[in-house]
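Written out below as structure tokens is the structure these notes cover.
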There are 2 protein chains.
Amino acid sequence: MASSRWIEHVYETLAAAGLNRSSARDRVIEVLSGQDCALSAAEIEHRLRAAGRPTARATIYRALDLLVEHGLVERVIVGEGQARFEPLEPGGHHHHHLVCVQCGRLVAFDDPGLERAIDDLSDRLGVTVDSHEVLLHGACDRCEATA
Amino acid sequence: MASSRWIEHVYETLAAAGLNRSSARDRVIEVLSGQDCALSAAEIEHRLRAAGRPTARATIYRALDLLVEHGLVERVIVGEGQARFEPLEPGGHHHHHLVCVQCGRLVAFDDPGLERAIDDLSDRLGVTVDSHEVLLHGACDRCEATA
DNA sequence: CACCATAATGAGACTGAGACTCATTCTCAC
DNA sequence: GTGAGAATGAGTCTCAGTCTCATTATGGTG
Ligand SMILES: [Zn+2]
Ligand SMILES: [Zn+2]
Ligand SMILES: [Zn+2]
Ligand SMILES: [Zn+2]
């Protein structure tokens, strides 16, 4: 779960940016806050509709764009032609994903060694790395076991 | 350049898979062979048209899908809502990319340290990693200099 | 070479994620 | 409460990629 700490951080950041409060945006934020991994825009739309609070697609995308712009949400692309959106903890702590080629499950993982290797790239390559994405394809632990 | 070595490997692999030879597919392969980094389907279409050999979009996508299936080409997604396709050297040697947030340029890089860190993940995470993608966002060397 | 089964092609229709428009509604500072 | 500006919603539009199906190319066989 992104937790209430995340929600608070989101509201603070948006307020600091001089943005109005808005109920539709709040709904999107609330859905994301109950989530510890990436959700697609369509899933958010469905959940809101199911909760009796239907929200226009354009509004959902606008809210997500805004959150991404302010570094509060990360856009994750796992290759099925549809972006997913994942709450981003303040402090930069994040995880990456493995897509299981057998069951299709999206598995989150977190590896300091990998992060270190990426941090070192800036020096070695002579570029400035602002952010990075890593996506693995393979067999998840579950499918690994049944293989 | 993917080189003539790549082309030969492609023809061998496709022949070994029992596929017919086909001129349209050959054209797509030829365009890719003159390329050392990722090309979009639209770019391939334009190049073929410009070369006086217009080819149906469906055909280009079919050829690309086939090449991806046989591990001869890699589908690369850099987040502008459009896949790119990159010849893959036999032997598994490959590179990753940085998208410059200023000029939009796609820069290829190659880092053994990063590859090693990813190879080690299998053990640490208890999963089997078949393949991986890494995408960096930041300032390229050119934009870095002018900053 | 002629024939046939099968594989590949091309033109265009279709799909679905996401962007755009604009009239209406909400926020909030005064 | 009022007004300016921000946000919303319904729908339209775009564009990468897929699907369909009638036509054409390929390669093996006699
Ligand atoms: Zn996640
Ligand atoms: Zn990371
Ligand atoms: Zn490349
Ligand atoms: Zn640049």
Side-chain angles (χ1 to χ4, degrees), chain A residues 10-11 13-32 38-49 51-70 72-86 106, chain B residues 10-11 13-32 38-49 51-70 72-86 106:
Chain A
V10 169
Y11 286 143
T13 307
L14 296 183
L19 291 162
N20 277 354
R21 195 69 181 263
S22 105
S23 58
R25 195 151 58 208
D26 287 359
R27 274 175 254 150
V28 173
I29 293 169
E30 198 201 322
V31 169
L32 282 170
L39 223 47
S40 72
E43 283 166 353
I44 294 172
E45 187 178 6
H46 292 150
R47 290 198 189 189
L48 288 174
R49 181 173 307 282
R53 291 177 301 177
T55 304
R57 214 164 344 128
T59 303
I60 294 174
Y61 280 109
R62 273 187 291 240
L64 291 171
D65 287 348
L66 198 70
L67 293 169
V68 170
E69 264 171 46
H70 287 84
L72 300 163
V73 159
E74 184 189 10
R75 194 188 310 268
V76 178
I77 293 167
V78 292
E80 359 90 323
Q82 177 190 57
R84 305 184 76 82
F85 298 86
E86 166 156 343
L106 190 64
Chain B
V10 169
Y11 285 143
T13 307
L14 296 184
L19 291 163
N20 276 357
R21 195 68 180 265
S22 107
S23 59
R25 194 151 60 208
D26 286 0
R27 275 176 252 150
V28 173
I29 292 169
E30 198 202 321
V31 169
L32 283 170
L39 224 48
S40 72
E43 283 165 354
I44 294 172
E45 188 178 6
H46 291 150
R47 290 196 189 192
L48 288 174
R49 181 172 307 281
R53 293 178 299 177
T55 304
R57 212 167 342 129
T59 302
I60 295 175
Y61 278 109
R62 274 188 289 239
L64 291 171
D65 287 348
L66 197 70
L67 292 168
V68 169
E69 264 171 44
H70 287 83
L72 301 163
V73 159
E74 185 189 12
R75 194 189 309 269
V76 177
I77 292 166
V78 293
E80 0 89 326
Q82 178 190 55
R84 303 184 77 82
F85 299 86
E86 166 156 342
L106 189 64

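Below, chain A is the first sequence line, B the second, and so on; all start at residue 1. Everything numeric in this text was worked out from a predicted model, so none of it was measured.
Using a 4.0 Å heavy-atom distance criterion, A:T55 is classed as a sugar-phosphate-only contact. B:R25 comes within 4.0 angstrom of sugar-phosphate atoms only, judged by non-hydrogen atoms across all strands, and of no base. Heavy atoms of A:A83 sit under 4.0 angstrom from primed sugar atoms or phosphate atoms, though from no base atom. Residue B:A58 is in base contact, counting any heavy-atom pair closer than 4.0 Å across all strands shown.
Two residues are said to be in side-chain contact when any heavy atoms from C-beta on lie closer than 4.5 Å; A:F85 and A:E74 fail this criterion. At least one side-chain heavy atom of A:R62 sits less than 4.5 Å from a side-chain heavy atom of A:T59. Under the 4.5 Å side-chain criterion, counting only non-hydrogen atoms from C-beta, A:E80 is not in contact with A:L106. Proximity of B:L66 to B:V73: side-chain heavy atoms (C-beta onward) are nowhere separated by under 4.5 Å. Side-chain contact between A:L72 and A:I29 is absent, with no heavy-atom pair separated by less than 4.5 Å.
When rounded to the nearest whole Å, the span between OH of A:Y61 and P of C:dA17 equals 7 Å. We find that CZ of A:R84 is positioned 16 Å from C1' of C:dG18, with the value rounded to whole Å. Atom-to-atom, CD1 of B:I60 to C1' of C:dA8 comes out at 14 Å; the value is rounded to the nearest Å. Spacing between atom CD of B:E45 and atom C1' of C:dG12 amounts to 13 Å, rounded to whole angstrom units. A straight line from CG of B:D65 to C1' of C:dA8 spans 14 Å, rounded to a whole angstrom. One can place CZ of A:R57 at 8 Å from P of C:dA17, the figure rounded to the nearest angstrom. Whole-Å rounding puts the A:I44 CD1 to C:dA17 C1' distance at 14 Å. As rounded to whole Å, 12 Å separates atom P of C:dG18 from atom CD1 of B:I77.
Ranked by how close their nearest DNA chain D nucleotide is to the 5' end, B:G81 and A:A63 are led by A:A63.
Close approach of DNA chain D to chain B, defined as any atom under 4.0 Å from a non-hydrogen atom of the protein, starts and stops at D:dA16 to D:dG27.
Of the candidates A:I44, A:L32, A:T55, A:R27 forms a side chain to side chain contact (heavy atoms under 4.5 Å, CB included) with just one, namely A:T55.
In this structure, CD on B:E69 lies 7.0 Å from CG on B:D65, to the nearest 0.5 angstrom.
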Atom pairs, protein N/O to nucleotides 24-30 of chain C N/O, distance under 3.5 Å:
| unit_1 | atom_1 | unit_2 | atom_2 | d |
| --- | --- | --- | --- | --- |
| C:dC28 | OP1 | A:R21 | N | 3.3 |

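A donor-acceptor pair is defined here as one N or O able to donate and one able to accept, closer than 3.5 Å; no such pair exists between the side chain of B:R75 and the backbone of B:L64.
Contact between A:A41 and A:I60 at its shortest, heavy atoms only, is O-CG2, 4.3 Å.
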